[in-house]
Enquirer: 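Here it is: the structure, laid out below.
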Amino acid sequence: MIRRIVLTIVLLAGIAAGAAAQNVIDWMVDDFSSRGSSRFTSAVERDPRTRNVRKVVNVLEVENADVGKFISAFKRCAKTGDFTENYTEDGCTLVLTVRKAKQNRIYMIRCSTPYGRQRDGVAYGEAKITVVVNYK
């Protein structure tokens, strides 16, 4: 009986950790979108017959922001789905794809420089964060 309880707790903790990791990126996008130094765009695609939401696309563009926070959040969430990262001299691109029963989510960040400009130990730079949610 105790084994079942422990197994259930571990399973629920793992599920909650995965959901919380994605919520970190969503929260950061919401937080930065309310600041004056960013541009936020959101588009919703609906089914013409039922008016149900099919897809939501959110794009956040930030300049002179702490890009390192976003990159760290993406790397922390890497275990929750398929994660790829690509670094070049011009910048970096990180993509996280999370598949769930009711929706698929794609998180992508493109940074102008791989590590941003350093100022007081913080990596500053420009970034474009795109969140695509496809509902099933």
Enquirer: With rounding to the nearest 0.5 Å, note down the distance linking CZ in Arg110 to CD in Glu61.
Expert: 11.5 Å

Enquirer: Could you tell me whether a side-chain N or O of Lys69 sits under 3.5 Å from a main-chain N or O of Met28, the two making a donor and an acceptor?
Expert: no

Enquirer: Please check if Ile106 and Ile109 belong to a single hydrophobic cluster, counting links between Ile, Leu, Val, Met, Phe, Trp and Tyr side chain heavy atoms closer than 4.5 Å.
Expert: no

Enquirer: Testing the 3.5 Å rule here: is there a donor-acceptor pair between the side chains of Tyr107 and Asp26?
Expert: yes

Enquirer: Checking side chain to side chain contact (heavy atoms under 4.5 Å, CB included) for the pair Val131/Val57: CA distance, chi angles, key distance, verdict?
Expert: CA-CA 6 Å; Val131 179; Val57 179; over 6 Å; no

Enquirer: Roughly how far, to the nearest 0.5 Å, is CD1 of Ile25 from CG of Leu60?
Expert: 12.0 Å

Enquirer: Below 4.5 Å, heavy atoms only, C-beta onward: do Thr80 and Leu96 meet side chain to side chain?
Expert: yes

Enquirer: To the nearest 0.5 Å, how far apart are OG1 in Thr84 and CZ in Phe74?
Expert: 10.0 Å

Enquirer: Might you point out which heavy atoms bring Asp30 and Ser33 nearest each other, and give the distance in Å?
Expert: O-OG, 2.7 Å

Enquirer: What distance separates Tyr135 OH from Arg105 CZ, expressed to the nearest 0.5 Å?
Expert: 6.0 Å

Enquirer: Show the nearest heavy-atom pair for residues Arg76 and Val24, with the distance to one decimal.
Expert: NH2-CG1, 3.3 Å

Enquirer: So if I apply the side chain to side chain contact (heavy atoms under 4.5 Å, CB included) rule between Lys55 and each of Val133, Asn104, Val132, which one comes out positive?
Expert: Val132

Enquirer: So, taking the atom named SG in Cys92 and the one named CG in Asn86, what distance separates them when rounded to the nearest 0.5 Å?
Expert: 9.0 Å

Enquirer: Taking all non-hydrogen atoms of both residues into account, name the closest pair between Cys111 and Ile71 and its distance.
Expert: SG-CD1, 4.0 Å

Enquirer: Under a 4.5 Å cut-off applied to non-hydrogen side-chain atoms, are Met108 and Thr93 in contact?
Expert: yes

Enquirer: What distance do Glu63 atom CD and Ser38 atom OG have between them, rounded to the nearest 0.5 Å?
Expert: 9.5 Å

Enquirer: Going by heavy atoms in the side chains, are Val59 and Ile129 under 4.5 Å from each other?
Expert: no

Enquirer: Would you give me the side-chain donor-acceptor pairs under 3.5 Å for residues 40-50, sequence neighbours excluded?
Expert:
| residue | atom | partner | partner atom | Å |
| --- | --- | --- | --- | --- |
| Ser42 | OG | Asn58 | OD1 | 2.7 |
| Arg46 | NH1 | Arg51 | O | 2.7 |
| Asp47 | OD1 | Arg49 | N | 3.0 |
| Thr50 | OG1 | Asn52 | N | 3.3 |
| Thr50 | OG1 | Asn52 | ND2 | 3.4 |

Enquirer: Group every Ile, Leu, Val, Met, Phe, Trp and Tyr by side-chain heavy-atom contacts under 4.5 Å, then state whether Phe83 and Tyr87 land in the same group.
Expert: yes

Enquirer: Return the set of residues passing ring-ring contact (aromatic ring centres under 6.0 Å, His included) with Phe70 (not counting sequence neighbours), or none when no residue passes.
Expert: Phe32

